[in-house]
Amino acid sequence: MNDKAIGQLSGLAGRLVAESLINAQLAVEAQKEAALERMHFVQYLVERKDVDGWRVAEVASQEFGVPLFDITAINPETLPIGLVEPNLVSKHHALPLFRRGNRLFIAVSDPTNLAALDEIKFHTGINTDAILVEESALSKALTKWVESQESLTDGLDGLDASDLDDVDISLGGEGTETEDSTESIDETPIVRFINKVLIDAIKQGASDIHFEPYEKSYRVRFRTDGILQVMVKPPRNLAPRLAARLKVMSQMDISERRVPQDGRIQMKLSRNRAIDFRVNTLPTLYGEKIVLRILDPSSAQMGIDALGYEPEQKDMYMKVLNQPQGMILVTGPTGSGKTVSLYTGLNILNTAERNISTAEDPVEINLEGVNQVHVNPKVGLNFAEALRSFLRQDPDVIMVGEIRDLETAEIAIKAAQTGHLVLSTLHTNSASETITRLLNMGVPAFNVASSVNLIIAQRLARRLCKHCRVPANDIPHATLLAEGFTEAMLESATIMHAVGCKDCNNGYKGRVGIYEVVKITPSIAKIIMEEGNSLQISAQARSEGFHDLRMAALKKVAEGMTSLEEANRITVD
């Protein structure tokens with residue numbers, strides 16, 4: 001070893017030699033090797049376990065007068081996100097710890113690493129100060145920080161720039177926004193992450209997006225084909241900023257975190273296509289959960305043939321739609337496709353010769369040529385009041401988002417009896433239960449029997465993937481009969497199993513409607529007039545050839561559209 005080189009040791013290397021932590025020869029070799037490998041001197045020494053990292057930190061602190069800090073005592077979720085680009089952090093082996101006013105404190109293990117402070121200051125425009133930390137602890141903290149950044153921006157590089165940067169987001173809904181609210185949430189990583197999530201949800205055909213904060217974690221879930229799946233887990237400390245960004249986009253009050261709020265976002269993907277998001281916030285124990293319902297106006301244009309009706313069911317629906325008066329009721333749980341069924345019917349009726357008005361809470365799909373009213377109970381505009389106004393507006397077709405009370409039911413039935421076609425929804429499990437629900441509300445049996453023309457109960461079943469489904473030859477014949485299949489159905493049945501491939505989600509791709517369509521015949525009307533129960537109405541409907549939901553689902557299974565497991569999931573025998 002060159003004695004002259006050893007004699008010229010100074011700074012930290014010289015102090016480490018003077019403290020007998022390393023010998024002079026090792027110090028010179030480490031300086032050369034660290035330079036060749038583009039590493040910092042302390043990082044090189046500690047990674048090769050030539051020295052005790054904590055002792056090096058203590059000596060460096062004394063030598064350069066830089067405060068020493070135990071980085072293991074800091075919560076990684078409190079580290080600033082979005083201030084410093086990840087490539088700078090990795091390049092300089094320097095981690096932003098916290099910000100105080102216009103000063104950013106940077107954790108380094110080598111106090112001579114002045115280039116890190118200068119470059120970070122240049123890129124952020126914030127004055128920087130060094131905090132000395134032990135090298136091993138710094139490396140672990142850096143790894144966690146980089147992972148959190150990757151989870152935030154995961155997949156962004158795989159998208160065209162136009163997917164994110166050219167997305168036109170229109171603010172919607174009602175609310176107030178403080179003048180400086182955008183300053184606190186206008187962080188490029190947050191903005192790009194939210195845009196990425198929205199675009200991914202649209203591409204995957206999701207119906208809902210859930211942003212969910214918990215005590216020690218945060219997750220984003222998509223409801224795809226009716227099933228929730230975890231898509232990404234951003235760092236927990238991003239929860240307030242993600243919520244703030246979504247609330248600003250939805251024109252909500254970002255300073256109000258104690259009560260639920262509703263809003264709306266419109267994302268224009270192209271000149272001819274826009275997607276609406278209905279947004280709701282809910283204060284939970286660990287922050288605001290935000291759910292976005294994806295509303296695609298193109299779903300109303302898909303046509304009745306794409307919904308999955310059996311030919312005879314489609315014919316019944318079309319015939320009743322073409323009648324000048326009466327009532328069509330669509331029933332089923334939330335997320336069963338009632339809105340799409342109603343809007344498909346409205347789209348068929350939407351001609352220049354008809355005056356169509358709708359009362360909804362909220363308006364989910366904008367339809368040109370239809371007069372849509374968003375009810376607002378806070379100002380006295382409820383369903384009943386909207387219906388009264390419709391009747392003074394010379395309507396041909398009226399759509400009521402939901403019949404929730406006796407007053408709304410009575411006005412809707414009155415409209416159906418006086419020359420108007422009325423479409424509406426109820427939350428019941430079957431067609432027969434829809435009748436008893438109206439009777440239980442207090443609607444006279446005669447009015448129900450004379451006004452209701454058609455009832456559609458529906459569910460959505462996941463459609464088997466055409467690329468990977470396989471025949472289900474392992475199901476015993478007796479089991480299929482016990483499930484409800486008839487011998488006639490089994491003679492031509494093509495029962496399939498879900499498998500799973502790269503083109504689908506666990507063997508399923510898309511959904512198909514399962515429908516119970518019941519026309520109110522004279523026999524069924526007689527039972528209603530006698531105030532019969534739902535079991536009597538259901539038995540009469542089956543005797544007249546109307547398939548219930550279970551049989552409709554089994555027909556889809558026999559046709560190979562869905563699996564028996566899926567039919568069992570959505571229907572009860």
Side-chain angles (χ1 to χ4, degrees), residues 81-82 149-173 175 177 181-182 185-213 218-235 238-252 254 261-282 287-300 335 339-340 362-366 505 510:
I81 300 290
Q149 288 290 290
E150 289 175 349
S151 68
L152 174 63
T153 58
D154 181 37
L156 288 176
D157 293 337
L159 288 176
D160 293 336
S162 59
D163 281 341
L164 297 176
D165 297 331
D166 294 340
V167 167
D168 182 8
I169 296 181
S170 301
L171 306 182
E177 179 184 342
S181 62
T182 54
I185 51 80
D186 188 18
E187 303 172 41
T188 299
I190 299 294
V191 172
R192 289 176 64 83
F193 175 74
I194 294 292
N195 289 352
K196 161 71 173 169
V197 169
L198 300 187
I199 290 173
D200 276 357
I202 294 168
K203 287 182 176 180
Q204 294 184 28
S207 61
D208 301 87
I209 311 171
H210 293 241
F211 292 83
E212 302 172 312
Y218 191 94
R219 68 181 179 183
V220 179
R221 292 191 292 173
F222 291 174
R223 187 179 292 279
T224 307
D225 296 335
I227 305 296
L228 279 170
Q229 296 177 313
V230 178
M231 302 308 298
V232 65
K233 291 185 175 182
L238 286 183
R241 275 176 274 183
L242 291 172
R245 173 62 183 167
L246 287 167
K247 289 166 75 174
V248 167
M249 293 168 68
S250 310
Q251 284 288 69
M252 297 180 189
I254 69 169
Q261 296 186 66
D262 292 295
R264 199 178 187 95
I265 300 170
Q266 184 176 80
M267 176 180 281
K268 294 182 180 178
L269 300 179
S270 66
R271 180 177 299 179
N272 300 319
R273 189 183 182 200
I275 302 292
D276 290 334
F277 298 85
R278 191 181 75 203
V279 187
N280 176 264
T281 68
L282 179 68
E288 289 180 288
K289 173 176 178 176
I290 301 180
V291 177
L292 284 70
R293 167 65 60 89
I294 301 175
L295 309 170
D296 188 354
S298 64
S299 61
T339 300
V340 172
V363 175
E364 295 195 358
I365 298 174
N366 296 326
N505 293 315

#### Entry: Verdict with reasoning, M249 to V279, per side-chain contact (heavy atoms from CB on, under 4.5 Å)
CA-CA 10 Å; M249 293 168 68; V279 187; over 6 Å; no
### Query
Who are the side-chain contact (heavy atoms from CB on, under 4.5 Å) partners of A239, not counting sequence neighbours?
P213, Y218, R236
#### Entry: Gap separating the CD1 atom of I227 from the CG atom of N505, nearest 0.5 angstrom
10.0 Å
#### Entry: Straight-line distance of Q229 CD to Q204 CD, nearest 0.5 Å
7.5 Å
### Task
Quick one: pull up CE in M252 and CG in D262 and give me the separation to the nearest 0.5 Å.
6.5 Å
### Query
Taking only residues two or more places apart in sequence or in another chain, which ones pass side-chain contact (heavy atoms from CB on, under 4.5 Å) with A201?
A206, I209, F222, I294
### Task
Please determine which of K289, R219, R221 meets the side chain to side chain donor-acceptor pair (under 3.5 Å) test together with H210.
K289
### Task
Report the residues that fulfil salt bridge (charged side-chain N to carboxylate O under 4.0 Å, His left out) with D225, sequence neighbours left out, ordered by chain and then residue number.
none
### Query
side-chain contact (heavy atoms from CB on, under 4.5 Å) between L198 and I275: does it pass, once the steps are laid out?
CA-CA 10 Å; L198 300 187; I275 302 292; over 6 Å; no
### Summary
I190 and R241 have their tightest heavy-atom pair at CG2-O, 4.0 Å
### Query
What's the verdict on side-chain contact (heavy atoms from CB on, under 4.5 Å) for M231 and T224, showing C-alpha distance, side-chain angles and the deciding distance?
CA-CA 11 Å; M231 302 308 298; T224 307; 5.8 Å; no
### Task
Find the distance between CD (Q261) and CD (E288) and round it off to the nearest 0.5 Å.
7.0 Å
### Message
Testing the basics here: between A244 and I254, what is the closest heavy-atom pair and its distance to 0.1 Å?
### Response
O-CG2, 3.9 Å
#### Entry: Nearest heavy-atom neighbours spanning L295 and R278
CD1-CB, 4.0 Å
### Task
Take I202 and M267 through the side-chain contact (heavy atoms from CB on, under 4.5 Å) test and state the conclusion after the steps.
CA-CA 10 Å; I202 294 168; M267 176 180 281; 4.0 Å; yes
### Query
Between R264 and V363, what is the shortest heavy-atom contact and its length?
NH1-O, 2.8 Å
### side-chain contact (heavy atoms from CB on, under 4.5 Å) partners of R223, counting only residues at least two apart
S207, D208, L228
#### Entry: Straight-line distance of I194 CD1 to I290 CD1, nearest 0.5 Å
8.0 Å
